[in-house]
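We name chains A, B, ... by the order of the sequence lines, and we start the count at 1 in each one. Scope of the values below: all heavy atoms of this structure, side chains included, with no hydrogens, waters or symmetry mates.
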Amino acid sequence: MHLVVRRLPDRRVSVSRLDDTDGLSGAETVDAHDWAAFVARTERAEPSTRWVWDDTAIWYPELLRAGVRVGRCIDLRLCHAILRSSVATASSALATARPGPWDVPVAAPRDTDVGALFALDAEPGGGERDPLAEFAAQRAAVAGATPDARSRLSLLIAAESAGALIAAEMTFAGLPWDAERHDAVLTELLGPRPAPGARPSRMQEALAEVVTALDVTPFSPESPGELLRALQSAGIPATSTRSWELKQFDHPAIAPLLHYKKMARLFTANGWNWLDQWVEDGRFRPTYVPGGVVTGRWASDGGGALQLPHQVRRAVVPDDGWSFVVADAAQLEPRILAALSGDAAMAAAARGVDLYDGMVTAGAVDTRAHAKVAMLGAMYGATTGESGLLLPRLARAYPRAIGFVEAAARAGERGERVSTRLGRSSPVPGRGWRELQELAAGDAATEAIGRRARTEARNWGRFTRNFVVQGSAAEWALCWMASLRTRLTQLADGTPLTESAHLVFFLHDEIVVHSPIEQADRVARLVTESAAEAGRLIFGDAPVDFPVTAAVVSSYDQAK
DNA sequence: GGCATTTGCGCC
DNA sequence: AGGGCGCAAATGCC
């Protein structure tokens with residue numbers, strides 16, 4: 001049962017009911033005051049309802065604030081983006097139409113004030129968005145795909161939309177954050193909080209050491225130019241001020257300088273100012289941006305939520321009487337590649353808990369470290385260095401897996417689109433890229449143009465090579481979370497979201513569930529079950545395991 | 001002065 | 001010459 005909803009100008013919502021064949025079977029209008037109650041009533045009476053709306057980030061926060069949860073939805077904006085560029089729906093009316101009001105590049109405005117839903121005076125797309133017509137166009141696009149693509153796209157649409165619900169719920173719940181412990185971590189590593197504009201004492205000390213060791217007049221290491229001149233004046237032939245380059249030099253100034261840089265990073269990115277700005281009432285509430293990355297990964301907006309350094313994870317602490325269940329998928333991307341390519345040998349190596357160990361046991365590589373660097377290199381397109389050297393051996397042991405990413409790279413080099421397991425396709429390269437390739441192929445091409453064209457082609461090939469793996473892994477993660485969410489909802493048995501176990505953080509292949517202590521072990525099992533279900537949903541009976549490590553902890557840093 | 005780009009580094 | 005991001009501060013430009 002689909003209920004297509006749309007904002008009306010006079011603070012009302014129109015609700016169109018569609019039957020199983022998408023025929024209009026009823027319509028009504030609901031006043032803003034009654035909206036949350038209407039949704040709650042509908043969810044109770046018909047839990048399998050799928051709400052169809054333009055943008056979850058617009059509709060859902062207000063419902064959550066009213067204590068109402070939604071089981072299932074279709075996020076038309078997110079699904080439009082998928083279907084618009086998918087190779088599988090390329091000939092559909094939806095994909096071939098001129099850009100319209102659904103082709104908005106970013107999520108809804110960050111305005112989550114109470115009443116925001118009905119306060120929107122203009123459509124985010126700039127034009128009138130008709131959800132009924134858009135839903136029909138999307139259903140037609142999917143129906144027109146091959147049967148195989150149809151079922152995969154249907155799963156992708158459901159998973160993407162579930163992700164949008166989860167993102168809104170996680171922002172609503174917030175990540176439990178102990179500001180006192182954060183302050184303690186900062187004080188331990190940097191010294192006490194300095195006056196505004198001043199450096200923390202430990203940074204000051206490290207800087208003094210650097211100045212002494214370089215025998216220079218005091219300078220500001222935040223300025224790459226000043227730092228470079230200071231280093232060179234002491235005879236250190238640095239060409240940049242990057243830490244990984246500075247590491248190579250043997251000079252007494254290097255160690256305190258690297259220490260300084262480390263501290264400076266923590267101070268500016270996740271120091272006291274960050275704490276003041278982002279943590280309120282014991283919660284960090286970033287905005288997640290589902291579909292924010294071309295590959296389908298989530299992005300985030302505000303507070304650098306997806307880059308929380310390990311140093312400060314000690315401050316992520318559950319409420320009294322609660323635990324965290326922290327789980328991550330072991331070697332997710334290589335396993336995804338094994339499943340995508342149907343590489344039986346790699347699938348066999350993936351049978352244990354550690355895929356890299358499995359590769360060593362099979363004799364494909366010498367050490368676990370080699371296995372890891374070689375696999376990452378294969379998926380990222382490394383050509384030089386250690387991983388470049390290991391690649392031939394890897395290709396002999398796992399020809400199908402390596403052949404799969406190589407094929408994706410070659411397609412990208414030709415300017416073709418590649419697709420994830422469920423049918424999200426990479427964008428076509430820009431006009432400048434295509435013109436350069438045509439120029440290089442023509443009679444007037446110079447050697448320099450040819451060189452530039454080949455470089456650009458290889459660059460795009462590395463992107464498409466990684467796209468298929470990263471994007472398919474993102475789909476697995478969405479299915480994992482969506483399956484878990486369903487189980488957690490059952491466990492909650494009608495309890496409000498934040499009064500029972502609920503997701504509070506997601507990081508590509510890792511999740512954190514905030515759970516009452518007595519439920520935590522059960523939640524850990526649900527996490528594991530959900531991972532197995534995700535594998536089945538996406539790959540059917542393909543013989544690749546997706547093990548997850550699930551730990552019950554009393555602070556985030558204790559996991560792993 | 002303000003806005004855009006670059007540099008460097010955090011995460012996966 | 002290794003994929004995808006976000007963010008702070010410095011730097012570049014008008």
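For A:Thr295, the side-chain atoms get nearest to C:dG4 when compared with the rest of C:dG3, B:dC11, C:dG4. For A:Asp301, the side-chain atoms get nearest to C:dC7 when compared with the rest of C:dG2, B:dG10, C:dC7. In this structure, of B:dG8, B:dC11, B:dC12, it is B:dG8 that holds the atom nearest to the side chain of A:Ser240.
A distance of 6.5 Å separates CG in A:Leu355 from CE in A:Met375, rounded to the nearest 0.5 Å.
As a whole-Å value, the separation of A:Leu507 CG from C:dG4 C1' is 12 Å. Rounded to whole Å, the distance from CH2 on A:Trp298 to C1' on C:dC5 is 15 Å. Following rounding to the nearest Å, A:Leu332 (CG) and B:dC11 (C1') show an atom-to-atom distance of 15 Å. A:Gln307 places its CD atom 9 Å from the P atom of B:dC11, with the value rounded to the nearest Å. The nearest whole Å value for the distance from the CG atom in A:Leu266 to the P atom in C:dA8 is 14 Å.
Taking 4.0 angstrom as the limit, A:His310 places a side-chain polar atom (N or O) nearer than this to OP1 or OP2 of B:dC12. In this model, the phosphate group of B:dC9 is approached by a side-chain N or O of A:Lys261 to a distance below 4.0 Å at OP1 or OP2. For A:Lys262 and B:dG10, the shortest distance from a side-chain N or O to OP1 or OP2 is below 4.0 Å. Contact annotation: A:Ser223 does not reach the phosphate of C:dA9 (side-chain N/O to OP1 or OP2, under 4.0 Å). Contact check, A:Thr268 against C:dC7: no side-chain N or O comes under 4.0 Å of OP1 or OP2. At the phosphate of B:dC9, OP1 or OP2 sits under 4.0 Å from a side-chain N or O atom of A:Ser243.
The aromatic rings of A:Trp177 and A:His182 are tilted relative to each other, their planes meeting at an angle between 30° and 60°.
A:Ser300 comes within 4.0 angstrom of the backbone, heavy atoms only, and of no base.
The side-chain heavy atoms of A:Val294 and A:Ser426, taken from C-beta on, include no pair separated by under 4.5 Å.
Not a single donor-acceptor contact under 3.5 angstrom links the side-chain atoms of A:Arg242 to the base of B:dC9. On a pure distance criterion of 3.5 Å, a polar donor-acceptor pair joins the side chain of A:Arg265 and the base of B:dC9.
Residues A:Glu180 and A:Arg314 are not paired through a salt bridge, judged by the lack of any N-O separation under 4.0 Å between the basic side chain and the carboxylate. Ion pairing between a basic and an acidic side chain is recognised when a charged N comes within 4.0 Å of a carboxylate O; A:Arg454 and A:Glu413 show no such pairing.
Stacking between A:Tyr380 and C:dG3 is present: the aromatic ring centre lies within less than 5.5 angstrom of the base six-membered ring centre, and the two planes differ by under 30 degrees.
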